[in-house]
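Comments concern the structure below.
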Amino acid sequence: MTTPETAPAPQSRPNPFASSAVTVLSFAVLLVTGLAVGVLSGFSMGWVSHYWDAGLAAQAAGVAALVAFVVLLYALCRLAGWGSRRQSGALAFALGYVAVMMAMLGYVTGGSILFPVKLVNYVFLFGSMIALAAGVVRSFVLPPRTTPPARAQSQN
């Protein structure tokens, strides 16, 4: 038997237009965030490769910065998926980042516009793409578990 005290509270459904608008806006923000992270990291990596020939200390610092960045990029992609509660949120972040990287890879003799032909730049490009792919795949969010309604207890 169900009494008003034990009855589940009625759930109100969110406005579908508002829900869709918030989803689209969050994806737009994540896309722009990916663009910004791509621009900042691309120019930062340009400086790392510029000082790559400065010696072993500069190379060690560059490798440490590169590893830290790839881990941070993976975490940002996972955070985008978690925050949007959808895998497509992480995908929007990754698409923004990849769009900037493709723009920075315009080819000229001796390398690209920003990234000269050096091993550290290839590790940066491929490492960041692998980190983004892993972040998108791993950001799969399971739907929330719904609890079955409480069964009415029969009284003898």
- In one Ile/Leu/Val/Met/Phe/Trp/Tyr side-chain cluster, 4.5 Å: L105, F43: yes

- Item | Residues clustering with L91 (ILVMFWY side chains joined when closer than 4.5 Å, directly or via others) | L31, L95, V136

- Item | hydrophobic_cluster_shared for L25 and L30, side chain cutoff 4.5 Å | no

- Hey, could you give me the OG/CG distance between S44 and L66, rounded to the nearest 0.5 Å? 12.0 Å

- Message: Do Y97 and L76 have side chains that approach each other closer than 4.5 Å (heavy atoms only, starting at C-beta)?
- Response: no

- Output the rest of the hydrophobic cluster of L56: all Ile, Leu, Val, Met, Phe, Trp and Tyr residues reachable through side-chain heavy-atom contacts under 4.5 Å, sorted by chain and number. none

- For residues L35 and G96, report the shortest heavy-atom separation together with the two atoms involved. CD2-O, 3.3 Å

- Does any non-hydrogen side-chain atom of C77 lie less than 4.5 Å from one of R138? no

- side chain to side chain donor-acceptor pair (under 3.5 Å): which pairs involve residues 63-76, sequence neighbours left out? Y74-R78

- Any L79 side-chain heavy atom under 4.5 Å of F93 side chain: no

- Query: Who passes ring pair (Phe, Tyr, Trp, His ring centres under 6.0 Å) against F124, sequence neighbours left out?
  - Reply: F69, F115

- Message: I want to check something: taking the side chain as every heavy atom from C-beta on, are V70 and F126 in contact at a cut-off of under 4.5 Å?
- Response: no

- Going only through I, L, V, M, F, W and Y residues with side-chain contacts under 4.5 Å, is there a path from V63 to V123? yes

- Task: Considering non-hydrogen atoms only, spot the tightest contact between G135 and A90 and give its length.
- Result: O-CB, 4.4 Å

- Query: What's the spacing between M104 CE and M45 CE if we round to 0.5 Å?
  - Reply: 12.5 Å

- Query: Can you name the nearest heavy-atom pair linking V48 to G62, along with the distance?
  - Reply: CG1-CA, 3.8 Å

- Query: Would V71 and V37 show up in the same hydrophobic cluster when neighbours are defined by side-chain heavy atoms closer than 4.5 Å?
  - Reply: no

- With sequence neighbours left out, what residues match S88 under side chain to side chain donor-acceptor pair (under 3.5 Å)? none

- Task: Check the hydrophobic clustering (I, L, V, M, F, W, Y; side-chain heavy atoms under 4.5 Å; chains of links allowed) and say if L72 and V120 are grouped together.
- Result: yes

- Output every pair passing side chain to side chain donor-acceptor pair (under 3.5 Å) with a member in residues 55-65, not counting sequence neighbours, ordered by first then second residue. none

